[in-house]
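Working notes, beginning with the structure itself.
Residue numbers begin at 1 in each chain, while the letters A, B, ... track the order of the sequences.
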Protein chains: 4
Amino acid sequence: MARGNTRQRIQDVALELFAEQGYEKTSLREIAERLDVTKAALYYHFKTKEDIVISLFQDIVRPLDELIAWAAEQPRTLETKTEILRRYHDALTRAAPLFRFMHENQATVRDLSIGVDFKDRLVRLSELVQEPDLPMADRVRCVSALFTMHAGMFFLQHVDGDPEEKRKAALEVAVDLITQAHTGHA
Amino acid sequence: MARGNTRQRIQDVALELFAEQGYEKTSLREIAERLDVTKAALYYHFKTKEDIVISLFQDIVRPLDELIAWAAEQPRTLETKTEILRRYHDALTRAAPLFRFMHENQATVRDLSIGVDFKDRLVRLSELVQEPDLPMADRVRCVSALFTMHAGMFFLQHVDGDPEEKRKAALEVAVDLITQAHTGHA
Amino acid sequence: MARGNTRQRIQDVALELFAEQGYEKTSLREIAERLDVTKAALYYHFKTKEDIVISLFQDIVRPLDELIAWAAEQPRTLETKTEILRRYHDALTRAAPLFRFMHENQATVRDLSIGVDFKDRLVRLSELVQEPDLPMADRVRCVSALFTMHAGMFFLQHVDGDPEEKRKAALEVAVDLITQAHTGHA
Amino acid sequence: MARGNTRQRIQDVALELFAEQGYEKTSLREIAERLDVTKAALYYHFKTKEDIVISLFQDIVRPLDELIAWAAEQPRTLETKTEILRRYHDALTRAAPLFRFMHENQATVRDLSIGVDFKDRLVRLSELVQEPDLPMADRVRCVSALFTMHAGMFFLQHVDGDPEEKRKAALEVAVDLITQAHTGHA
DNA sequence: AATGAATGAGGATTCATTCAT
DNA sequence: TATGAATGAATCCTCATTCAT
């Protein structure tokens, strides 16, 4: 009946449920039931529950790695930094559910083996929009720029307004923040 | 053996473990073992596991409510807003582990009955540092100001530097953000 | 505050709850809460949970024993038998909740130490309304007479009609049954 | 190891234990141990403990429903009523342990979701052996007829005599009772 | 005459995982 | 490419009971 797309369908449903209810509160039974297969079927495609999450992370980590690699080769100009934010914003938008899952399940993700990897990348990324020897406040601005976009995606849900507009505004503020950090805002 | 402090001790250990490992991954058995009491003893003091968390939240919600009440009565000047941030920063610092728990277990907290309450308060607080009819970017700044302090407490752990200094810098940036929002930063 | 009547109050509440929900599904916590005392208070008055039931049974067993003793001394006439039924009917009416409890919790009562006693008394009573060497059908009639009154109290709840009238009718039928058994109904 | 008969085996053992010790005093651990499987295995076959009982009831409810349906279509003659009793007697005999369980665990069965259903059927059945507008005593006779057979199966255990003979006698008395009710026994 | 604090044993249930087919 | 059947370990929670005060 279902062809070779089962693996993909598992990932889709899993992500949906993980994002919605959290990792621990989503059981393999639940995933299987939604797909109308048995739990055992899941094990044909993934070695463990954690394996499913890991596979999901690939989708997020690869673009992130590419972004980091690209950024590392650019001159550290304001334009580059702006472009980094723009691209991160893009990744965020495209993989929104996954980021949401990450964001809301940090305690879980933290000891999920890939948790560390992800955090490292965020740190790395925040470094790439910083300047060495920046005053602390400006370093905070750079980190905050990243977080502002996260906030723009998740917390701003609870604030009224057009989602698209809110995301754009978040990007704008983020860019503003690194600009200030970059120029040593008088 | 142990006197009337058991309830408090449960809360302490619970908070510690919840913050460290997450809510779901902390079992009552674990809490009980650390305290060298039986699981049943926990149930003498708290009706359910959720009840323990709820009791913890009281410590956070009360100061927050006081802050909100106070803020609602002040004139909406920049000084007031700055003071709100300062006080929130204080609350954050004092109840750091609890905020950390909240921050890292959002998926869990969300459907923990008090989850909604807490989020509502954050929304309310972000409104109190905003101006009505602000352009979206400035509204994002206000929300971001709050989040920056969160980031200052949790994500910045992974950035080197003196914790005290980082927190102060976070507050500074937050104040800066609402200042920009307030003055309609030319 | 409460004086020497606590013991009695415990029995009252316990009987009420036992009859309503069954013995196992009624916890001492529940009883204590209803009385607004602690569980420990129950243990001041009764050694165990079973002890509470046992104490309740006294109220039923004593009248029954008196009835049996009285019956054993009477001539085995139809009048006597009728009077036995009448008196049993009385006991049943007076201690309705307790009989209801017994009736609906036989599995529990059975291994409750006094369970056997009670059953023995019923058997004894059924013998007292029989004649030795009666054909089996007539012996069934005698047992059935007893059960008819039980049915009259409990199952007939679910049949419409005035309770008083139903109970009287049950007694009437019961008397009829032993009359048939006594006279060897042609 | 064991093939497709596990579900059936669970039902068998469960019924045996439920009838012997009562529903609440029979734990799933006990059932599992008797079958030499784990508790979890029970949950593969039944969603809850209650589900096991429900499944058992199917065996009793179906024949009962058929009997009721059949009876509803017959003319309300004495022959029909007699046949109803006879068939009920059959059902009772065949599913004796189940009826015994029901009989002795009424308090439990009552709020077991199917409890109501079963009682409704008994009421319905008692109506089918009655005549409309019968005097109360005769209505009691009809109910008593049903109960006599129950008594014949359970209470009469404690009376000596051949079980087969006792059951037959119970049926005989029951028939007698509805005959009296039917003919308006002068 | 009663409470506050606790225990130990056990309850039903759920979970991720396995493996023969 | 899956399923049916099962396991072992853990979960939260409840209960009757105890005892020092």
Just how far, in rounded Å, is [atom2] of [N] from [atom1] of [X]?
| X | N | atom1 | atom2 | value |
| --- | --- | --- | --- | --- |
| C:Leu42 | F:dC19 | CG | P | 17 Å |
| B:Ile52 | F:dC13 | CD1 | P | 9 Å |
| D:Glu50 | E:dA12 | CD | C1' | 12 Å |
| B:Glu24 | F:dT11 | CD | P | 13 Å |
| B:Ile10 | E:dA6 | CD1 | P | 8 Å |
| D:Glu30 | E:dA12 | CD | C1' | 14 Å |
| D:Asp51 | E:dA12 | CG | C1' | 13 Å |
| B:Glu33 | E:dG8 | CD | C1' | 15 Å |

N or O in side chain of [X] less than 4.0 angstrom from [N] OP1/OP2:
| X | N | value |
| --- | --- | --- |
| B:His45 | E:dG4 | no |
| A:Thr6 | F:dT1 | no |
| B:Arg29 | F:dA10 | no |

Minimum side-chain heavy-atom gap [X]-[Y] below 4.5 Å:
| X | Y | value |
| --- | --- | --- |
| B:Ile60 | B:Phe118 | yes |
| B:Phe46 | B:Val53 | no |
| A:Met153 | A:Arg100 | no |
| A:Arg7 | A:Ser55 | yes |

Starting at the 5' end of DNA chain E, which residue's closest nucleotide do you reach first, B:Thr38 or C:Val37?
-> C:Val37

Given that D:Tyr23 and A:Leu28 both sit by DNA chain E, which one's nearest nucleotide is further toward the 5' end?
-> D:Tyr23

Of the candidate nucleotides [options], which contains the atom at the shortest distance from the side chain of [X]?
| X | options | answer |
| --- | --- | --- |
| A:Ala41 | E:dT13, F:dA2, F:dA16 | F:dA2 |
| D:Ala40 | F:dT11, F:dT7, E:dA2 | F:dT7 |
| D:Tyr43 | E:dG10, E:dT17, E:dT13 | E:dT13 |
| C:Tyr44 | E:dA6, F:dA10, E:dA1 | E:dA1 |
| C:Lys39 | F:dT17, E:dA12, E:dG4 | F:dT17 |

Apply the side-chain hydrogen bond (donor to acceptor under 3.5 Å, both in side chains) test between B:Glu104 and each candidate in A:His103, A:Arg110, A:Gln106; give the one that qualifies.
-> A:Arg110

C:Tyr43 six-ring face occupied by C:Lys49 cation (under 6.0 Å, within 45°) |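 So C:Lys49 doesn't make the cation-pi contact.
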
Look only at the side chain of D:Thr26 and the backbone of D:Gln21, and say whether a donor-acceptor pair between them is shorter than 3.5 Å.
-> no

Spell out, as yes or no, whether a donor-acceptor pair under 3.5 Å connects the side chain of B:Arg34 to the backbone of B:Glu30.
->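 No, because the side chain of B:Arg34 does not come within donor-acceptor range (under 3.5 Å) of the backbone of B:Glu30.
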
Taking for each residue the nucleotide of DNA chain F with the nearest heavy atom, is it D:Asp36 or B:Thr26 whose nucleotide lies nearer the 5' end?
->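 The residue whose closest nucleotide sits nearer the 5' end is D:Asp36.
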
Could you write out DNA chain F as a dot-bracket string, with dots for unpaired bases, | for bases paired across to another strand, and Watson-Crick or G-U pairs counted at under 3.5 Å?
-> .||||||||||||||||||||

